[in-house]
Amino acid sequence: MAHSFMQEYLQIPAVTRTYTTACVLTTTAVQLEFITPFQLYFNPDLIFKRYQIWRLITNFLFFGPLGFSFLFNMIFLYRYCRMLEEGSFRGRTADFVFMFLFGGVLMTVSFSRHWGTHVFMASLNLLTSVYDSHQTGDMRNEMYAHNYSEI
């Protein structure tokens, strides 16, 4: 049983496996009170004045307390991340990582500038919007190709 679980786990694409595992471990660590959310949230003052640079990453890893909300967030995170990595970014792992980093930087800059400094930034929003735009773009291309073939 454990061997088949490990095989299945290792078949998950690398970025999806790493990010989902980091989210589950971070949230579990908070739930078990090894760390507190106050050690994870995005705060530019603590990042630049106290050099707590881990906050640039950890605010994307915490999804709130364990429960149904967390479970559904992890299911959607896993699903969208895996679909993007195996679909639009197949064979382009570096591009997928760059998309994560670029999206994270944009979210960090816009949130800290417009919505205050003490926030958690769920990257699930980034994944769903990228996935939706890729799906919509594909459907539009098929629609335009269909319309042009009738002319």
Side-chain angles (χ1 to χ4, degrees), residues 1-32 34-35 37 39-44 47 52-149:
M1 177 81 175
H3 185 50
S4 64
F5 174 76
M6 189 55 108
Q7 286 177 334
E8 289 297 321
Y9 179 73
L10 292 175
Q11 287 181 357
I12 299 171
V15 177
T16 302
R17 181 178 60 235
T18 302
Y19 185 59
T20 305
T21 302
C23 291
V24 169
L25 290 176
T26 302
T27 303
T28 303
V30 170
Q31 189 70 29
L32 296 174
F34 292 136
I35 56 177
Q39 295 170 306
L40 304 174
Y41 73 92
F42 180 77
N43 184 332
I47 292 169
Q52 296 179 2
I53 58 172
W54 66 84
R55 292 175 185 274
L56 291 170
I57 297 170
T58 57
N59 68 81
F60 290 102
L61 300 177
F62 180 64
F63 280 81
L66 293 177
F68 284 119
S69 177
F70 173 76
L71 178 66
F72 282 109
N73 279 330
M74 288 301 102
I75 289 170
F76 287 120
L77 175 79
Y78 169 78
R79 181 174 183 257
Y80 285 126
C81 196
R82 184 169 188 160
M83 289 166 77
L84 280 171
E85 192 168 2
E86 290 180 338
S88 301
F89 291 96
R90 177 179 288 285
R92 301 177 347 191
T93 302
D95 290 342
F96 191 53
V97 170
F98 180 77
M99 188 258 326
F100 259 103
L101 294 174
F102 184 70
V105 167
L106 288 178
M107 289 171 64
T108 300
V109 169
S110 66
F111 281 164
S112 65
R113 188 160 188 210
H114 298 291
W115 286 293
T117 59
H118 308 291
V119 294
F120 286 100
M121 299 172 216
S123 58
L124 187 56
N125 296 332
L126 171 68
L127 288 173
T128 55
S129 63
V130 169
Y131 178 77
D132 288 343
S133 68
H134 278 270
Q135 292 301 101
T136 305
D138 291 342
M139 288 175 23
R140 286 182 187 157
N141 290 339
E142 290 174 13
M143 182 180 69
Y144 290 139
H146 179 70
N147 287 342
Y148 289 130
S149 65

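Counting begins at 1 with the first residue of the sequence.
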*Could you tell me which residues satisfy salt bridge (Lys or Arg N to Asp or Glu O under 4.0 Å) with R55, sequence neighbours excluded, listed by chain and number?*
none
*Would you indicate whether the side-chain heavy atoms of V15 and V97 approach each other to under 4.5 Å?*
yes
*Would you confirm whether the ring centroid of F60 sits within less than 6.0 angstrom of the ring centroid of F100?*
no
*Might you point out which heavy atoms bring I47 and L56 nearest each other, and give the distance in Å?*
CD1-CD2, 3.8 Å
*What distance separates M74 CE from L66 CG, expressed to the nearest 0.5 Å?*
10.0 Å
_Has T58 got a side-chain atom pairing as donor or acceptor with W54's backbone, closer than 3.5 angstrom?_
yes
*Drop me the distance from T27's OG1 to L32's CG, to the nearest 0.5 angstrom.*
11.0 Å
*asked:* If you count heavy atoms of other groups shown closer than 6.0 angstrom to CD1 of I35, is the number above 12?
replied: yes
*Locate the shortest heavy-atom distance separating A14 from E85; write the atom from each residue and the value.*
N-OE2, 3.5 Å
*asked:* Using a 3.5 Å distance criterion without hydrogens, assess whether the side chain of R17 forms a donor-acceptor pair with backbone atoms of L10.
replied: yes
*Locate the shortest heavy-atom distance separating F70 from P65; write the atom from each residue and the value.*
CB-O, 3.4 Å
*Look at the rings of F5 and Y9 and say which category their plane angle falls in: under 30° parallel, 30 to 60° tilted, over 60° perpendicular.*
parallel
